[in-house]
Amino acid sequence: MDLLYNPEKSSLNEDGCINMLEELQKHYFGAFKLATKTYSPPDYIHRIKRHPSDIWKRVMKSDRIQWMVQRIAREECAPVESIMKEVEKILKKLAFTDHLSLVRLLGFCLVKVQFAIYQNGVFINTSAVEKLRAMLKRHPVIFMPSHRSYMDFLMLSLVCFYFNLPLPAIAAGMDFQKMAVVSGMLRASGAFFMRRSFGSDRLYWAVFTEYVHEIIINGDRPMEFFIEGTRSRTGKSLNPKFGLLSVIAEPYLKAQTYDVLIVPVSISYERLLEEELYAYEMLGVPKPKESTSGLFKASSILGNNYGSVHMHFGDAISLRKYFGHLNRSVHATYPRYMLHLSEKEQNCMKELAYKIVREQQKNMICSPWTVIASVLCLYPDGISMHDLVQNVLWFKGVLDLMKVKISWSSDGIDEIIQKCLHQYRHIVESSICNDIDSSWINISSKVSERKSLYTETAYNSRKALTPRLRDEAVNYIILSSYRNQLLNYLVRPALVVFSLDHHLVSDSSNVVTFFMSSLVKDFEFLVHLLCKDFIFEPGKMSHDLETGLSDLTVNGSIASTADEVFVVRKHAGRLHSFLKSCFSPFLIAYWMACQFFLKNKGSYKMTTVIVQIQKWIGDHQKVSGITYEMLSINLLSNTVHSLIDMKGLTTHKLGKTKMVEVSSTTLQDISCKLAKFIPDLPELLTPKMQPPFDSSKL
Amino acid sequence: MASSEMSEKSDSANSLRLQTISNHLKRGSDHLVCSPCVSDLDHGTIKPGTRSIPRRRENLLKWDGWGYKDSQFKINEKGSVTFTGSRYKLSGLVMPHLRPWMEEMGLNIDEMAKSEPKINTENVPKPTLNEDFIDELNKIEMEISTDPVDRVMRSHGHTLEELFLLRKGEFNNRIPDVVVFPRCHDDVEKLVAAAVRYNVCLIPIGGGTTVTLAVACPDNEARCIAVVDMTQMNKILWVDEKNLLAKIEAGIIGQDLERDLAAMGLCTGHEPDSMEFSSLGGWVATRASGMKKNVYGNIEDLLVHVRMVTPRGVLEKNCMVPRMSAGPELHQFIIGSEGTLGIVTEVTLRVRPLPECQRYGSVIFPSFEDGVHCLREIALKRCAPASIRLMDNDQFRFGQALKPEAESIFTSFMDGIKKFYVTKMKGYDPHRMCVATLLFEGDPEVVAQQEKTVYEIAAKYKGMAAGEDNGQRGYMLTFVIAYLRDCGMDYEVVSESFETSVPWDRVSDLCRNVKDRIRHECEAQGVRYPVLSTCRVTQTYDAGACVYFYLGFKYRGLADPVASYLAVENAARDEILESGGSISHHHGIGKLRKQFMSRTTTPAALGVVKSVKEYLDPRNIFGSGNLIE
């Protein structure tokens, strides 16, 4: 019996990471060795050892639950016993159990699967693991991984098991609970199942809060939460959720723990297991219900190579340090089971949430394929190999200057591109010529056999897209989701470039300059518009602008001369138009949505309006400038919410349904402002809808 | 002024008293412990009427540490720790486990930091004298002294930084310029009037046991500073058994007061840990709390009437009633005023008949949290014995280290059996278990009933009765801890205690957080040796508890041990406040904790305190600088 992992004996790559799968494969029967290894994780010093069922028993007796139950009993004239029964029911659905033997079995299966699909390895930054080991003893720890795939939490638990770290208690979505056997296995390895939305169910909220607190305070296990709330289907980060973070921070703010450490974890997949699933979901095919039989069907993935996975543990954020300026004694004058966070504390919570997402982004490692995909996205009709190589090389240079982490291998660029094209041959086709340079690369129009699995379920609503259109669009959506991974890093300079256009001043000697302050209004408008699609921390606009300017400066496309005055360099065109092209689909989609509403004023049901817009854009697919990725439900939903925020749309309740109503003057205004940033507006069939461009209004 | 002699009492009252005393003595033959009050002070040999602290304190007490000169921890010729003298139960005994415990803390008998042998009078700052004031005092025949030793002896309390400085043979820039010894209330009135007339700063002092820098002279005080030694005002003026009241001069020392009252079959029941040396006036000025407050109440409950001389005149009520409704309670402004408003001269306290029976006990719990829950229920049921204290695991083990040598092989064998039973048979984790010490007091029937109830509740929380010895040793710890600190200082250890009060639901969390914070801050300060960071719950109330912390570490290797120590203590205080604890339960604010005052209340509330000071003492005659700026 041994620990299997030994920091001295493991070989590190140049980034200080070890390849867990390779380490395991060094042993005969690696998966078996892992499943039977000695497992003795470090313990939080103040932890009192107890059975997982003791946790929920304590929750039932807790002040918070007793108080809430009494209150509900009083207000709803219900007997206390029946509410307590309700509490017990919620807890039994919620709670995790603890069966190491099942964990071992799960670990065994998982490693077997990973050997098959992650043929390029699973990389972990070990120096952080060793630091983590020491921290886990001193303070309660919360892992906050990025969320791109169901593999995320399986992966984190497996890594913890391998490195002899305590297995986290995972806040997982209720949807898994329906999976027979599997849900039991997940529960046994520490998952607890929470509802997606708590709504106004205060009893559920109280039970959930108390359950989480009980685990944090006693440090039974580290916990694992996804700050993005759900898996991001688009490759971009999602705006963080604050509610859960408040639950986590509460024990610290009320001095029930000395500290709580939040460890952002960035999990980057070279190729996502769910790539097609997501793409179809974005095209309106409902996500298949998690079921055990579905899992077996999905076993067909086993034949494919999904490349590598990088798991990067970021620096721990200590709440004690982060909230050091907050006076916790403000919570001393009321019972601790009542939740009151001051406005100041809530603002801090938001800041922290953005910081966590930012840390996750910072440590993501993109694959070369994302770079290639970005280029391919710009050439929907295909590109020659020669041009592709040239463009990728150039773009790589840009990204390197911006210090974006990309896992280039030591191979030559041609070879890397060839390998990628081979790996993603289900999305892109290359016509092979004798001369490789002149071979033509375009996006595949073929639909693989597996895809029919998703499509046959779907065409039941006349409002939805036709299966044909979906199949045409799906590869474009997949491709854009890989490109999107890079957009997180490009959005700030790109928005600067968009804002620039109308504020350039050229002097007699053809030197083109602009004032930083002149950009502010346009930049602010774009940030406001796109803040659902990209992560902008509220109130940090000027910082975002500065970041955008400095990214461009680093790339030499602009240079700062005097205070706030910048010169646009002669060769800036390529970068600027590249950035614009990357983000145009977003702006056009937003503009199209505006047109949709301006054309059909009236009120819409919130639940169906997005599909209606999608369908409408689908009808305009032939119009130049309109691309398949604008059909993405995620994008359109962000658009609607953003327009609501900007008051171009208003919402109200009709009975129980949420309705959206057009507020035409404001929306018209937004549409005009937006049109200004789009170089070639799509020419829609009803030209009267398109207001003449009137610069005096802006 | 009230009569000052007890002899004026009627014969019938005398005979009644004698009756009580003789009853009391008779019961002494029971196996119940009947010595009054102070845990291990032997009163039998000291006659009533004795005043234990002489005018020249240095003849009896240490000048550079705690307590009696003859009592200290020492390493004997066999290399074991022993406690010298004959004043305490522990005196003359050898504690074989203490040295190994000290060595665990990193102490090394070869690494010593000895104190200076005596006060070096040459280094004592020269006094700033106000000639007119001195003349005036001489005219009214007040006893005064400008002797350097007298001045130094009254220039400090027992805060760590004060003792550290003394032991090095150094002094603050400002120490008192003159010592005044008033003999009665009228003297004090004349003294304050003179101070007002000649603008002299007055700092009252009783036993000088403060641990908040409350008697230290402010560095920037340019005026002549007169320290008013109250200990010569030490008479019991009268005892009124019908109303159970006693009027006492404020300078009386705790043990003298209890001894004299005991001779009459009475007691106040007020037993702060410092009661051997602290004075009644000091208790009032700091809002003191006694160990047995569950039976007798804290000082604010005991106090029925008080006189305080302020620059504006005498503050007192004109009746002695148990309670009255007449606007905000004046006494609450006097209690805890820390010498900033005036001098407390005479106090009327409630007294009680001496308890017939006193009994120790102890309960061990598997964990501190279990113990807290038990104490909470005892408080809820209002069946708390006179004293109940819950020590954490570290303090429990510390207490065990103080166990004297077993008297026979048999006892040591029995000890082994007990330990085996508790840890092996009952499954108590020796690194988690903790002990609650109990002191029952009252009628034998009441005590027996109380014992039953308390042990029953304890059993609900997995508590197991652990005998009288453990209980008694627990209380002994509080009396000898200050001596042990001196011993620690000899071996390069800085240590201190501090306290807070906190609602029940926060007790465990506060204890854990503060102990963690202490360890982390010590690490940050670069402390190289194990840190003693331990606590106990020492008082229970309906709504919460008082928690008492001990903190100590060997400072070898630190550039400025006192600064490091203060950083740690301030961090701990910060953590206490953040965890919902109070700034102090009974030590007071003084100058040590003044910086935290603004965090504990609103500016308006501080303004009230300031405005009272402004009215009573506009020229800041009582310029000790305690409480608030």
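Chain letters run A, B, ... following the sequence lines, proteins first, then strands; residues in each count from 1.
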I'd like a table of all donor-acceptor pairs linking chain A to chain B (distance under 3.5 Å, no angle check), giving the atom names and the distance to one decimal.
unit_1	atom_1	unit_2	atom_2	d
A/H46	NE2	B/D516	OD1	3.0
A/H46	NE2	B/D516	OD2	2.8
A/R138	NH1	B/E523	OE2	3.3
A/R138	NH2	B/H520	NE2	3.1
A/R138	NH2	B/E523	OE1	3.0
A/A255	O	B/N513	ND2	2.8
A/Q256	O	B/R512	NH2	2.3
A/Y258	N	B/N513	OD1	3.3
A/Y258	OH	B/H520	ND1	3.2
A/R320	NH1	B/E575	OE1	3.0
A/R320	NH2	B/E575	OE1	2.8
A/R320	NH2	B/E575	OE2	2.8
A/R328	N	B/E578	OE2	3.2
A/R328	NE	B/E578	OE1	2.9
A/R328	NH2	B/E575	OE2	3.3
A/H331	O	B/R506	NH2	2.7
A/R336	NH1	B/D509	OD2	3.2
A/R336	NH2	B/D505	O	2.6
A/R336	NH2	B/D509	OD2	2.8

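- Remark: A/Y354 engages no residue in a ring pair (Phe, Tyr, Trp, His ring centres under 6.0 Å) (not counting sequence neighbours).
- For A/M135, the side chain to side chain contact (heavy atoms under 4.5 Å, CB included) test picks out A/L132, A/L261, A/A316, with sequence neighbours left out.
- With a 6.0 Å radius and a threshold of 12 heavy atoms from other residues, nucleotides or ligands, A/E343 has its CD atom at or below the threshold.
- Scored by the side-chain hydrogen bond (donor to acceptor under 3.5 Å, both in side chains) test, A/S127 finds no partners at all (sequence neighbours excluded).
- Looking at A/L326, the atoms closer than 4.5 Å to chain B (heavy atoms on both sides) all sit in the backbone: N, CA, C or O.
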